[in-house]
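One-based numbering, in listed order, for ligands and for the atoms of each.
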Amino acid sequence: MSRSQSIWGTWPPVFRALATQAMAFLPIALLAWALPARLPLWFWVLLQGILAASLAWGWGLGKWWRAFQILLPMALVWQLGHAFPHWFYPALLAVLLLLFGGGMLTRVPLYNSGTAAWQALLELIPEGEAIRVVDLGAGLGGPLAFLARHRPMGQFLGVEASPLVWLMAWVRCLPLRPNCRIRFGSLWHLPLQEMDLVFAFLSPAPMAALWHKATREMRPGTLLVSHSFAIPGVASERRIPLPGLPGACLLIYRIPDSAPETQLPLL
Ligand SMILES: C[S@@+](CC[C@H](N)C(=O)[O-])C[C@H]1O[C@@H](n2cnc3c(N)ncnc32)[C@H](O)[C@@H]1O
């Protein structure tokens with residue numbers, strides 16, 4: 001990988017998407033200015049989207065981001081012809097940040113695990129034991145609420161960084177107190193020394209850093225369970241496929257006796 005690619009690779013996708021739009025705009029504006037023939041606006045808008053999507057592809061953005069790159073200039077031009085109240089855009093931005101802001105910089109979006117994953121997790125937790133479990137990036141609190149209901153002797157904690165999502169999870173888990181709690185904040189600031197099982201459904205981006213944190217903080221023999229995303233260069237002890245979801249699985253990692261030296265990538 002070239003140096004420029006590795007620098008770009010560390011940028012959150014949303015910044016890469018906006019940067020490639022800006023880069024595509026300059027040559028297209030120059031071309032539109034230099035061409036003697038007047039071409040219709042839709043042609044330039046489409047060209048802007050295609051060029052931005054191609055640049056985004058070159059810098060490793062996935063297919064959803066490439067589709068976003070094509071749609072964004074169209075949406076911008078469309079909204080210029082429609083009047084919206086002045087509070088509309090700040091309000092839209094605020095709602096998006098409240099819902100997705102927590103995962104933006106760590107490149108972890110909000111999507112919920114299903115009951116197949118919750119059931120598989122439940123089978124890892126022995127009945128009648130006061131086991132301590134944490135969900136790093138608790139989302140809407142689905143897994144924690146399910147586990148707390150079925151394992152009333154356990155202690156369940158979730159940490160969530162998106163304010164509105166945290167609030168919904170907090171309300172959901174309120175009837176399950178005191179053995180199920182949701183904390184607002186970053187998973188990177190939550191100490192893991194007390195935990196017997198750490199569950200994480202994140203994205204490929206933070207997995208190496210998560211392993212680094214887990215091996216430094218968790219006790220040897222305890223479990224880190226990742227929903228679907230592998231830790232690069234670390235063999236899982238067990239893989240539990242999740243029925244109905246191609247490729248989805250729980251990957252179970254046991255914390256070793258001594259923390260191996262790992263190279264920590266920039267998030
Ligand atoms: C894929 S969802 C998983 C939700 C839930 N664990 C589940 O299995 O249904 C990941 C969640 O992690 C949250 N998140 C991302 N980065 C975080 C961080 N640094 N600290 C805490 N939560 C974070 C996101 O806001 C999102 O709600």
Can you establish whether the number of heavy atoms outside Phe25 located under 6.0 Å from its atom CZ is more than 12? no
Logged contact type for Ser203 with ligand 1, heavy-atom cut-off 4.0 Å, is neither
Go through Trp59 and Thr20 one step at a time and tell me if the side chain to side chain donor-acceptor pair (under 3.5 Å) criterion holds. CA-CA 9 Å; Trp59 278 317; Thr20 50; over 6 Å; no
Residue portion contacting ligand 1 (non-hydrogen atoms closer than 4.0 Å) for Asp135: side chain
Is a donor on one side and an acceptor on the other found under 3.5 Å between the side chain of His189 and the backbone of Gly185? no
Exam field: side chain Ser162 to backbone Leu164, donor-acceptor pair closer than 3.5 Å: no
Determine yes or no for a side-chain-to-main-chain donor-acceptor pair under 3.5 angstrom, with Asp135 supplying the side chain and Gly158 the backbone. no
Out of all atoms in ligand 1, which are within 4.0 Å of some heavy atom of Phe199? Include the element for each. 8 (O)
Is ligand 1 less than 4.0 angstrom away from at least one heavy atom of Gly142? no
For atom CZ of Arg183, is the number of surrounding heavy atoms from other residues, nucleotides or ligands below 6.0 Å larger than 12? no
For the pair Glu160 (side chain) and Ile182 (backbone), establish whether a donor and an acceptor sit closer than 3.5 Å, ignoring hydrogens and angles. no
Return yes or no for this condition: an N or O of Leu187 is under 3.5 Å from an N or O of ligand 1. yes
Here's a test for you: under side chain to side chain contact (heavy atoms under 4.5 Å, CB included), which of Leu197, Leu176, Ile125 qualifies with Phe156? Ile125
The option among Gly114, Ser162, Gly137 carrying the non-hydrogen atom nearest to atom 4 (C) of ligand 1 is Gly137
Against heavy atoms of Trp188, which atoms of ligand 1 measure under 4.0 Å? 19 (N)
Would one find an N or O of Ser113, backbone or side chain, under 3.5 Å from an N or O of ligand 1? yes
Considering Ala161, Gly139, Gly158 one by one, which has a heavy atom nearer to atom 22 (N) of ligand 1 than any of the others? Ala161
Atoms of ligand 1 less than 4.0 Å from Pro143 heavy atoms? 7 (C), 8 (O), 9 (O)
Against heavy atoms of Gly185, which atoms of ligand 1 measure under 4.0 Å? 20 (N), 21 (C)
Is Ala117 near ligand 1, meaning one of its heavy atoms is under 4.0 Å from it? no
